[in-house]
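This one's a predicted model, so the numbers in the text were calculated from it and none came from an experiment. Read the numbers this way: they start at 1 and go in the same order the structure lists the ligands and their atoms.
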Amino acid sequence: MWKSPLFRSADPVRPAVPDGLRIYATGDIHGRADLLDQLFLRIDQDLEARPIERAVEVFLGDYIDRGPDSAGVLNRLIRRAETHQTLCLKGNHEVCLVEFLENPAILKDWARFGALTTLLSYGLKPSINAGPMEQAALAEELSRTIPASHRRFLAELPLSFTCGDYFFVHAGVRPGAPLSRQRDEDLLWIREDFLAHEEPFEKVIVHGHTPTKDPEVRPNRIGIDTGAYATGRLTCLWLEGDNIGFL
Ligand SMILES: [Mn+2]
């Protein structure tokens with residue numbers, strides 16, 4: 001049951017998005033271009049079965065790393081935007097890629113959470129434990145190889161998106177801080193402090209970042225990272241009026 005200090009009537013009002021709009025929100029893709037292709041088909045079938053004035057496809061970040069085809073995921077998201085209204089948010093993994101180009105030494109840390117498959121997807125051949133010389137060479141090679149469209153895509157990703165009673169973000173928000181004054185680091189990386197918080201936020205937070213077996217629908221947040229890269233399950237939440245469902 002939805003409970004919020006904003007809605008204290010006897011007749012509880014459920015969180016909603018504006019009329020005539022359907023949101024499709026998708027969690028962490030992590031290099032699974034194959035699953036993203038299937039997801040686009042599912043969304044297109046749903047749109048055909050249930051036409052709507054306006055649909056917006058929101059992606060919650062972490063497009064790259066871990067899975068086999070990070071470059072392919074970015075290609076598909078960029079192409080999808082040519083025919084559909086999409087909104088891609090920034091994940092902590094995208095931050096790492098951009099930072100690596102400026103500071104190759106972060107590969108030591110980034111490699112521990114899936115960087116090598118991303119480098120492979122751009123045609124690079126990284127060693128398991130690249131030393132400083134190789135780190136610099138890899139960053140230089142990636143700079144030359146990565147398409148300009150990917151760089152632009154990565155540079156332009158916003159951190160959050162608000163629609164109706166919902167706030168979309170990669171990782172979550174810091175409890176106690178207004179949504180308008182969150183730190184980037186929390187929006188991209190937060191886990192326990194956010195996940196354990198049971199009181200209402202200003203909006204219902206739709207997030208990824210922390211994988212769970214099934215989507216978590218709570219009164220104050222909806223978590224939709226179902227660990228696609230390992231489970232093969234890429235979750236898409238739809239919101240329309242005050243209804244929600246999954247594709
Ligand atoms: Mn993440």
For His209, the N, O or S atom at the shortest distance from the Mn ion (ligand 1) is ND1

In Asp62, the N/O/S atom nearest the Mn ion (ligand 1) carries the name OD2

Hits for salt bridge (Lys or Arg N to Asp or Glu O under 4.0 Å) against Arg152, two or more places apart or cross-chain, chain-then-number order -> none

Are more than 12 heavy atoms from other residues, nucleotides or ligands located less than 6.0 Å from atom CZ of Arg191?
yes

Original post:
Can we say Glu198 and Arg218 salt-bridge, meaning some charged N sits less than 4.0 Å from an Asp/Glu carboxylate O?
Top reply: no

Confirm or rule out an N/O/S atom of Asn92, from backbone or side chain, lying less than 2.8 Å from the Mn ion (ligand 1). yes

- Query: Can you tell me if an N/O/S atom from His93 lies under 2.8 Å from the Mn ion (ligand 1)?
  - Reply: no

CZ (Phe194) and OG1 (Thr210) are apart, to the nearest 0.5 Å, by 8.5 Å

